[in-house]
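Read the structure below first, then the notes.
The shown structure was predicted, so the numbers you read here are calculated from the model rather than taken from an experiment.
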Amino acid sequence: MQTPTYAPAYLAAELRLPTNGLDYTILGIYFAVVLGIGLAARRSVKTSLDFFLSGRSLPAWITGLAFISANLAATEILGMAANSAQYGAYTVHWYWIGAIPAMVFLGLVMMPFYYGSKVRSVPEFLLLRFDKGAHLLSSILFAFAAILIAGVNLYALAIVVEALLGWPQWVAIVVAGFFVLAYITLGGLSSAIYNEVLQFFVILAALIPLVVLSLKKVGGWDGLTHKLNAAHGDNFTSAWGGTGIGHANPLGANWLTIVLGLGFVLSFGYWTTNFAEVQRALSAKNLSAAQRTPLIAAFPKIFIVFLVMIPGLVAAALVPNIGTSTSGLQYNDAIPYLMQELLPNGVLGIAVTGLLAAFMAGMAANVSSFNTVFTTDIWAKYLVKDREDAYYVRFGRLITAVGVLASVGTAFLASSFSNIMSYLQTLFSFFNVPMFVVFIVGMFWKRASMKSGFWGLLAGTTAAMVNYFVLYKKGIVDIPTDQGANFVSAIAGFVAGAVVMVAVSLFTKPKPAEELHGLVYGTTSPGMAEAPAPGDEAWYRRPALLGWGAVVLAAVCYIPFSF
């Protein structure tokens, strides 16, 4: 199966929406509320812990909604709709096998280590478990990845605003960057999190009417599947159809690469080590709330797939050759195209506001995690040590501005991908997967030496890049699609990192056993032994019950897409 010829990487010029004063009023109200939240949150920022982790004071329902909202960015809105337009119902794998198990693992297994060790970032945990080499390399890689991913959100936002509202692209970039910079600089993580809670509901208000009207346009679910099966074959509306080894399917991946590459390596690599997500859980008021943060987020995550997949499928049904040069529309155009075709004024304003909210949430999550890692893990640890706490708060605000400016530059790197989801998955295979293998080996194998963390991370990152840029891009290995290549890159990075860690550990000294408490599975630290708060015996406060409930519900959702 050959990769289709893509249209130029900009939204089609004819996608202009008839926005009026009502739509702009809704946009204005939203931006005013965003800045108001930033100003209100500023009063609570007195220490670096307040600025970078909200003073570890937030309740689980707030951090849980912020956790899922931080993920509801370009990846979720344009990216997953584009994924559905290109690959069909295979998109459900990114949710039910590519997110839920990893989110449950984060809550039940990894959060006690993160929260109990009182680290302020994911790389800082590697400093405690391994050494400064692993810590510095992971900090640099994460900071670089955060800026690249923030740039994806800025790029997506800019082309949508340019095409739908008629603003020049540079104006859209500057305006969006200013608002994100303003509310994070003012209120730190608290401002970002409270805005993400608001953004979560704005995004739902934008997507739900679009899904309802989209289904009505194509004659309901039966009408949609009939059109897609006629145009693309039966596998296009099936989760597992054609995924046997050696069989062809729209995704270009078999069940083994889906389960291992996406369901295990990419998924666990993203959800358990991506500090843009973990940071929300670390801001919770206690260990129980921190554990429940990704578990609470897992339940809306199960159903959000329908809000982004259905518009993509409808776009594929209405524009059968979408994503090719003959249509003038690329896969990223799926949702903007439906907004133009279906939404009346007022609802259109909410939809545009929802898109802006999604991109700003994603950018804010990555910029706030970037400023934390750069300030606490690079600047304060290696460059300017032992300064007063107020200095690091001031520097955190300064580096936030630097991060936003850098994101403007990286925004244009995303323009070479017709499907920005492919670009993001490529970044995850390069940066998150190698970090995950270092975490998982270090947390479950006491013998993993201090030096093995650095070399495992370096080997995993290198192997993933070599597979993608050399073996796949140069045609040495025949992989049908970018997404299939990403799955293979993730597996290659994981295996290479694990093998190198084991080899290095056999020839170098392990960390002393007394320094591993709370860092290796089976050991505890005082923070992990935290007594439950009064009332935590309620069923909805039990992490294990919430976690297994999410896994079972996700498994049940597969049933109608499997036959």
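More than 12 heavy atoms of other residues, nucleotides or ligands sit less than 6.0 Å from atom NZ of K511. Applying the 6.0 Å contact sphere to CH2 of W96 captures more than 12 heavy atoms from other residues, nucleotides or ligands. At most 12 heavy atoms of other shown residues, nucleotides or ligands fall within 6.0 angstrom of atom CZ in F144. Around the CH2 atom of W445, the shell of radius 6.0 Å holds more than 12 heavy atoms that belong to other residues, nucleotides or ligands.
What you find for V438 and L457 is that their closest heavy atoms are CG2-N, 3.6 Å. Nearest heavy atoms, A290 versus A281: CB-O, 3.5 Å. When all heavy atoms are compared, the tightest approach of L338 to A315 is CD1-N, 4.4 Å. Summarising the geometry of T273 relative to N432, their closest heavy-atom pair is OG1-O, 3.6 Å, with the distance given to 0.1 Å. Closest non-hydrogen pair, R292 versus A60, comes out as NH1-CB, 3.6 Å.
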Listing, residues 488-496 side-chain donor-acceptor contacts under 3.5 Å, not counting sequence neighbours, or none:
residue	atom	partner	partner atom	Å
S489	OG	N467	ND2	2.7
S489	OG	A485	O	2.9

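If you take CZ on F487 and CG on L256, they are separated by 12.0 Å, rounding to the nearest 0.5 Å.
In this pair, H232 and F236 present their aromatic rings parallel. The plane angle is below 30°, not in the 30 to 60° band. Aromatic ring orientation, F561 versus W221: perpendicular (interplanar angle above 60°, classes split at 30° and 60°). Ring geometry for Y114 versus F125: interplanar angle over 60°, hence perpendicular rather than tilted (30 to 60°).
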>> Under the criterion side-chain hydrogen bond (donor to acceptor under 3.5 Å, both in side chains), I'd like the reasoning laid out for H93 against Y87: C-alpha separation, chi angles, the key distance, then a yes or no.
In response: CA-CA 11 Å; H93 295 310; Y87 302 120; over 6 Å; no

>> I'd like to know whether L210 forms a side chain to side chain contact (heavy atoms under 4.5 Å, CB included) with M339, so could you lay out the CA-CA distance, the side-chain angles of the two residues, the decisive distance to 0.1 Å, and finally the verdict.
In response: CA-CA 7 Å; L210 191 64; M339 288 168 57; 4.2 Å; yes

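The one candidate from V104, I100, L545 that meets the side-chain contact (heavy atoms from CB on, under 4.5 Å) condition with L295 is V104. A ring-ring contact (aromatic ring centres under 6.0 Å, His included) with F105 is found for one member of F439, W548, F268, F113 and no other, namely F268. Considering F264, Y270, W271 in turn, F264 is the only one that fulfils the ring-ring contact (aromatic ring centres under 6.0 Å, His included) rule with F436.
In this model, a donor atom of one side chain and an acceptor atom of the other lie less than 3.5 Å apart for S84 and T91. Side-chain polar atoms of N486 and S429 form no donor-acceptor pair below 3.5 angstrom.
Every pair passing side-chain hydrogen bond (donor to acceptor under 3.5 Å, both in side chains) that includes a residue from residues 296-316 is listed here, sequence neighbours excluded: N71-K301, E76-K301.
For Y558 and W240, the distance between ring centers is under 6.0 angstrom.
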